[in-house]
Amino acid sequence: EHEHEHEHEHEHEHEHEHEHEHEHEHEHGQDEWTRFKGGFHNFDLKLLDDADESCESLSNTPGVMYNDDSCSSATCQAVDNPSCDDVVFEMPDNGLPSCDDPENTLFDGLAYEIANPRSDCAAAETGICADLPSFFSQFETAIAGAYCTDSYLVMWTHGLYKSGTTACTNYKTHLTDVPRPPGVAYKQNGNDYQDQCVGRSAKPQLQVFKIPLTPAAWMEDPPLWGDDFFPASTVGMILDGLPLYPAIDNSYLTVWDACESSMCNAHVGMGFDLHHHGNPMAETCFYQNGSSPWYDDGEPHGMPIGMSSDGYMIYGQYQSHTQLLPALDDCGGHNHTVSNEWDSQEYHYHAYTNKGTQDDMYYFFQGPSGCWRGDVSELENFYEEGTDYKVNYDSSKDCGITKRNDYQQLRLCSGSEDGMFYPGTETQPCNWFD
């Protein structure tokens, strides 16, 4: 039961596909999936001419079909389920497993890896690897450490914002505004949604991402996410240190139509893991229109906001009323050179806002959105062992990374500790359960 309780939100949603009983979901649920399957481009969406639209910028627009306090559809009804903060768990503890071995905690585990590097590799020193501290120090981030191996950028994160920061307060506030968060069983025979508590707070995780320094091989016709293949967990990481999941859950709805999205397009899953499902753009989210220094001198191109699991950078929305959104492919990306020292690839993904086929309905997507442009099937140990399409990143249940099938790929190369980004215990996570 303990393992089941910590399953992440996608698996949870699969078990409760039929829980979403709102009228609008009955009307649109399967239809929506029919239009979405095979790629988001099949949903017949129209790119907006003004590119700086966000939940926040549209919240005061009359007739827009979502709640003022979240990105969810305005047809959503707020549930009255108790918050998991306020209930007594009759089930075994729904928190993270107790990690008795100090080498297997986030901070001590990272310190252990730094003290015990591999001697059979040399860390990359070009591109983003040339100055990791300068790159990551630009962001409010939960990343406790980042380093380059010979093949990967490896990032350790607890998945929560730093204790005492405004970001901590903002994200907790936004979670209280989610109309219908994923549920968590807290009492015996509590498998029905109406008998569950809902996640409005998050707990620290142990998440270790690896991003290929040389992106996966380019595909002219990448397989589109649909019935036969759909990522079962993260598709990348936002640079705030939170996982990025697809916009559609396993109930065949977008998180906006499923009433599960916060203003920052995030929510928590069954393991109290905070993660994004869409573009984290608003004044109280990860970035906003005009975020300095990225948009100085009238530069409309989006700032880097994340990294896709296939190795390509994710950029924010184009930020100009006069610049039309660029043409994006089925995966949510395009080709052109970006003027910065961190990204040597021409191809990259973008976050973007789409106007749907329903009146005044908006969707706040991020790339990759309908496929990976890189051939992830060629990446060694890309998925967790024994899983179907679950990307390797979450080590919370195992209390460490040594059991992962990609453990050797995560280890530091001797000498790379000198150039790593390492705030370490300075990134102590906020405790939302106080």
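Side chains are part of it too, since the values below use all heavy atoms of this structure and drop only hydrogens, waters and symmetry mates.
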Do other residues, nucleotides or ligands put more than 12 heavy atoms under 6.0 Å from [X] [atom1]?
X    : atom1 : result
D120 : CG    : yes
E283 : CD    : no
Q408 : CD    : yes

In the structure I gave you, are the side-chain heavy atoms of [X] and [Y] within less than 4.5 Å of one another anywhere?
X    : Y    : value
Y389 : S233 : no
Q317 : Y287 : yes
Y147 : I114 : no
V198 : V184 : no
V338 : Y315 : yes
H334 : D329 : no
Q366 : L244 : yes
C168 : K162 : no

Any chance the side chains of [X] and [Y] put a donor and an acceptor closer than 3.5 Å?
X    : Y    : result
Y312 : Q345 : no
N381 : N392 : no
D177 : S70  : no
S395 : R404 : yes

May I ask you to decide if [Y]'s main-chain N or O and [X]'s side chain share a donor-acceptor pair within less than 3.5 Å?
X    : Y    : value
T149 : C413 : no
N340 : D343 : yes
T427 : P423 : no

When every non-hydrogen atom of P181 is compared with those of V79, the smallest separation belongs to CD-CG2, 4.2 Å

List the steps and the verdict of side-chain contact (heavy atoms from CB on, under 4.5 Å) for I128 and L153.
-> CA-CA 9 Å; I128 195 172; L153 169 62; 4.2 Å; yes

Can the ring centres of [X] and [Y] be said to be less than 6.0 Å apart?
X    : Y    : answer
W372 : Y349 : no
F365 : W256 : yes
H267 : H276 : no

For Y383, is the NZ or CZ atom of K390 found under 6.0 angstrom from the centre of its six-membered ring and inside 45 degrees of the ring axis?
-> no

Kindly assign one of parallel, tilted or perpendicular to the pair H350 and H336, based on the angle between their ring planes and the thresholds 30° and 60°.
-> parallel

Any idea how Y245 and Y393 line up, ring-wise: parallel (<30°), tilted (30 to 60°), or perpendicular (>60°)?
-> perpendicular

Rounded to the nearest 0.5 Å, what's the gap from [atom1] on [X] to [atom2] on [Y]? Could you check?
X    : Y    : atom1 : atom2 : value
S309 : I314 : OG    : CD1   : 8.0 Å
H174 : N265 : NE2   : CG    : 10.5 Å
D131 : E125 : CG    : CD    : 12.0 Å
E346 : W218 : CD    : CH2   : 9.5 Å
D310 : S377 : CG    : OG    : 11.5 Å
D240 : E140 : CG    : CD    : 9.5 Å

Between D86 and R200, is the closest basic N to carboxylate O distance under 4.0 Å?
-> no

L274 and L175: CA distance, side-chain angles, deciding distance, side-chain contact (heavy atoms from CB on, under 4.5 Å) verdict = CA-CA 10 Å; L274 181 63; L175 288 180; 4.2 Å; yes

Working for side-chain contact (heavy atoms from CB on, under 4.5 Å), residues L410 and K210 | CA-CA 7 Å; L410 302 176; K210 67 178 193 298; 3.9 Å; yes

